[in-house]
Amino acid sequence: MKWIAILILLIFFLSQIAAAELEIGMDIPLKNKEIYQENRLVAGVSWYERGQVVLTNTGDETLRNILVSVEVPLKMDIEIPVQAMKNISADNNIVTARIGELGPGESISFIFSVKPPESIEFKKKGSFAISASYEDSTGTHSTSYTHVVEVVPPPSWITYGTVLASICIILLAFLIAWKFNVLEQFTTIDLITIALLAGLIGVVFRWFWQTFNDLLGPLGGLLFTIPTAVLMIIALQLVRKPGTATLLFTVVELVALVVWGSNITIWMGWYMTEGIIVDILVLLFKKDYADRRSTAIIYCVARSAYAYWMFYFFFAPAVWKVYYAPWYAWGEVGIAAIGGLIGGAIGYSIAKKVRGAMI
């Protein structure tokens, strides 16, 4: 009896080892995980998010007649895109895939798309329950895996709030300009100078950045932050009036609206804040219009870091409902600050020469 019990335990143990030969993994949304935050879905988006299930035979024996079922949470709609692997179907929130055989050390994957819920009251967890059965020389086995994602509500109220705040900023800027006769302080030459520099930023260097951005990867932002910083310092030193930076970046966005068709009308107030920050710093430094290299660098670093922070932590999630990985977003903000530092230093040298030549 003792030996029979040992034999039964040994058979059970070996069957458990065999049952663990099929490894299951999942990725969703199917985007660059180094850039976008993984395992997060946003409710209310108009597109489908792709998920990928990966099966790996970690044993030394071929597995046959593999049947995989994925239970999709929160009653999300399912689509099966065209892909190399066949025998995939979806029915009643269940995705089913059939695989003939999978050799030792081999992996195979299949893709399905889900549409996050139209709306949810609050952030909640959703679990993709994946189960698989397969056969080997010892019989039929099964294994399972649960992949948890976070589903967040659509930030509609944030979007509406940003629009309202943007309009308030625009109205406040016009009120201040009217109250203190700010625009009347600018001469025709000042306005022409700002228009030319804004055109260079909004047309020439934006085209250059959009064309060659991908060549530098994460450092592509330097192609725009450095020349923008240089031209901003030139504008400050040549015009030398309160509100110069605000007017510059307002014109930049108006140029972008006309040339590139950017839909930034309702967000104009937030774009104006890039210049407002610089103009506030000018006043804090007792109307130092980048007359020192140190202040030029401070202005450019502040503007560049703020602009990129606004994009990755404010506009992307609130307006476009895109969540970037925090480390990537902060890295881009840091790179923008470096671009501001470089551009500020270069811009100071160029601006001094241009201003000297004009005088």
Atom pairs and distances, donor-acceptor, side-chain atoms in residues 96-105, under 3.5 Å, two or more places apart:
none

Report all side-chain donor-acceptor pairs from residues 298-307 shorter than 3.5 Å, counting only partners two or more places apart or in another chain.
unit_1: Tyr299; atom_1: OH; unit_2: Asp288; atom_2: O; d: 2.6
unit_1: Arg303; atom_1: NH1; unit_2: Glu274; atom_2: OE1; d: 2.7
unit_1: Ser304; atom_1: OG; unit_2: Cys300; atom_2: O; d: 2.9
unit_1: Tyr306; atom_1: OH; unit_2: Thr273; atom_2: OG1; d: 2.6

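Annotation: side chain of Pro81 is in contact with side chain of Ser113 (closest heavy-atom distance under 4.5 Å). A heavy-atom distance below 4.5 Å is not found between the side chains of Ser109 and Met85. Between Thr193 and Leu197 the shortest side-chain heavy-atom distance falls below 4.5 Å. The shortest side-chain heavy-atom distance between Asn65 and Tyr134 does not fall under the 4.5 Å cut-off. At a threshold of 4.5 Å between non-hydrogen side-chain atoms, the residues Thr146 and Phe128 do not count as touching. Contact annotation: the side chain of Tyr308 approaches that of Thr225 to within less than 4.5 Å [non-hydrogen atoms, C-beta and beyond]. Proximity of Met26 to Ile28: side-chain heavy atoms (C-beta onward) are separated by under 4.5 Å at one or more points.
Residue pairs satisfying the salt bridge (charged side-chain N to carboxylate O under 4.0 Å, His left out) criterion with at least one member in residues 42-60, sequence neighbours excluded, are listed as follows: Lys31-Glu49. For residues 229-246, the side-chain hydrogen bond (donor to acceptor under 3.5 Å, both in side chains) pairs, not counting sequence neighbours, are Asp190-Lys241, Arg240-Asp291, Thr246-Asp279. Here salt bridge (charged side-chain N to carboxylate O under 4.0 Å, His left out) pairs that include residues 307-316, with residues two or more places apart or in two chains, number zero. Within the structure, salt bridge (charged side-chain N to carboxylate O under 4.0 Å, His left out) contacts touching residues 327-342 (residues at least two apart or in different chains) do not occur.
Partners of Phe224 by ring pair (Phe, Tyr, Trp, His ring centres under 6.0 Å), not counting sequence neighbours, listed by chain and number: Trp209. Residues passing the side chain to side chain contact (heavy atoms under 4.5 Å, CB included) test with Ala132, sequence neighbours excluded: Leu22, Ile24, Val68, Thr143. Not counting sequence neighbours, the partners of Lys115 by the side chain to side chain contact (heavy atoms under 4.5 Å, CB included) test are Tyr48, Asp77, Glu118. The side chain to side chain contact (heavy atoms under 4.5 Å, CB included) test applied to Pro227 returns Phe205, not counting sequence neighbours.
Expressed to the nearest 0.5 Å, how far CD1 of Ile297 lies from CZ of Arg292 amounts to 11.5 Å. The CD1 atom of Ile226 sits 9.5 Å away from atom CD1 of Ile338, with the distance rounded to the nearest 0.5 Å. The line from CG of Leu254 to CZ of Phe249 is 13.5 Å long, rounded to the nearest 0.5 Å. In this structure, CZ in Arg206 is found 13.0 Å from CG in Leu200, a value given to the nearest 0.5 Å. With rounding to the nearest 0.5 Å, the separation of CG in Leu222 from OG1 in Thr228 is 11.0 Å. Between the CD1 atom in Ile189 and the CD1 atom in Ile194 there is a gap of 12.5 Å [rounded to 0.5 Å].
Of the N and O atoms on the side chains of Asn57 and Glu106, not one donor lies less than 3.5 Å from an acceptor on the other residue. Of the N and O atoms on the side chains of Ser133 and Ser142, not one donor lies less than 3.5 Å from an acceptor on the other residue. For the residue pair Asn39/His147, the side-chain donor-acceptor check at 3.5 Å is satisfied.
Note on Leu30: it does not cluster hydrophobically with Val114, by side-chain heavy-atom contacts below 4.5 Å among ILVMFWY residues. Hydrophobic clustering keeps Ile346 apart from Leu341 (ILVMFWY residues linked when any side-chain heavy atoms are closer than 4.5 Å, directly or through intermediates). Under the 4.5 Å side-chain heavy-atom criterion for ILVMFWY residues, a single connected hydrophobic cluster contains both Val239 and Val278. The cluster map of Ile, Leu, Val, Met, Phe, Trp and Tyr, joined by side-chain heavy atoms under 4.5 Å apart, puts Ile280 and Met310 in the same cluster. Residues Phe311 and Leu223 fall within the same hydrophobic cluster, defined by Ile, Leu, Val, Met, Phe, Trp and Tyr side chains chained together at heavy-atom separations under 4.5 Å.
Side-chain rings of Tyr312 and Trp330 stay apart, their centers remaining 6.0 Å or farther from each other.
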Exercise for the section: Might you work through the side-chain contact (heavy atoms from CB on, under 4.5 Å) test for Glu61 and Ser137, ending with a clear yes or no? Expected result: CA-CA 8 Å; Glu61 185 178 341; Ser137 60; 2.5 Å; yes
Criterion side-chain contact (heavy atoms from CB on, under 4.5 Å) on Val53 and Phe112, from CA distance to verdict = CA-CA 8 Å; Val53 175; Phe112 60 93; 3.8 Å; yes
Inset, instruction - Applying side-chain hydrogen bond (donor to acceptor under 3.5 Å, both in side chains), run through Thr58 and Glu23 and close with a yes or a no. - result: CA-CA 7 Å; Thr58 58; Glu23 184 178 282; 5.4 Å; no
- Determine, step by step, whether Glu150 and Leu41 satisfy the side-chain contact (heavy atoms from CB on, under 4.5 Å) criterion, reporting the C-alpha distance in whole Å, the side-chain angles of both residues, the deciding distance to 0.1 Å, and the verdict. CA-CA 6 Å; Glu150 184 179 67; Leu41 304 177; over 6 Å; no
**OP:** Given side-chain hydrogen bond (donor to acceptor under 3.5 Å, both in side chains), test Thr56 with Ser107 step by step and report yes or no.
**Re:** CA-CA 4 Å; Thr56 303; Ser107 295; 2.9 Å; yes
(request) Please step through side-chain contact (heavy atoms from CB on, under 4.5 Å) for the pair Tyr289 and Thr295, ending with a clear verdict. (result) CA-CA 8 Å; Tyr289 291 99; Thr295 53; over 6 Å; no
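Between Arg355 and Leu238, the shortest heavy-atom contact is CA-CD2, 3.8 Å. Shown here for Leu248 and Ala235, the closest heavy-atom pair between the two residues is CD2-CB, 4.1 Å. Closest of all the heavy-atom pairs between Gly343 and Val230 is O-CG2, 3.5 Å. Contact detail for Ala345 and Arg293: the closest heavy-atom pair is O-NH1, 2.9 Å. Considering every non-hydrogen atom in both Pro117 and Val151, the closest pair reads CD-CG1, 4.2 Å. Minimum interatomic distance between Phe110 and Val70 (heavy atoms only, all atoms of both residues): CZ-CG2, 4.1 Å.
Val54 belongs to no hydrophobic cluster with other residues, because no ILVMFWY side-chain heavy atom falls under 4.5 Å from its own, directly or through intermediates. Cluster partners of Leu196 are Ile192, counting Ile, Leu, Val, Met, Phe, Trp and Tyr whose side-chain heavy atoms approach within less than 4.5 Å, directly or via other members.
Contact check on Glu21 versus Arg64 returns no salt bridge, with no Lys/Arg side-chain nitrogen under 4.0 Å from an Asp/Glu carboxylate oxygen.
Using a 30° and 60° split on the angle between ring planes, Phe313 and Trp309 fall in the parallel class, below 30°.
In this structure, Gln83 contributes its side chain and Ile111 its backbone to a donor-acceptor pair below 3.5 Å. Looking at Asn93, its side chain never comes within 3.5 Å of a backbone N or O of Glu71 through a donor-acceptor pair.
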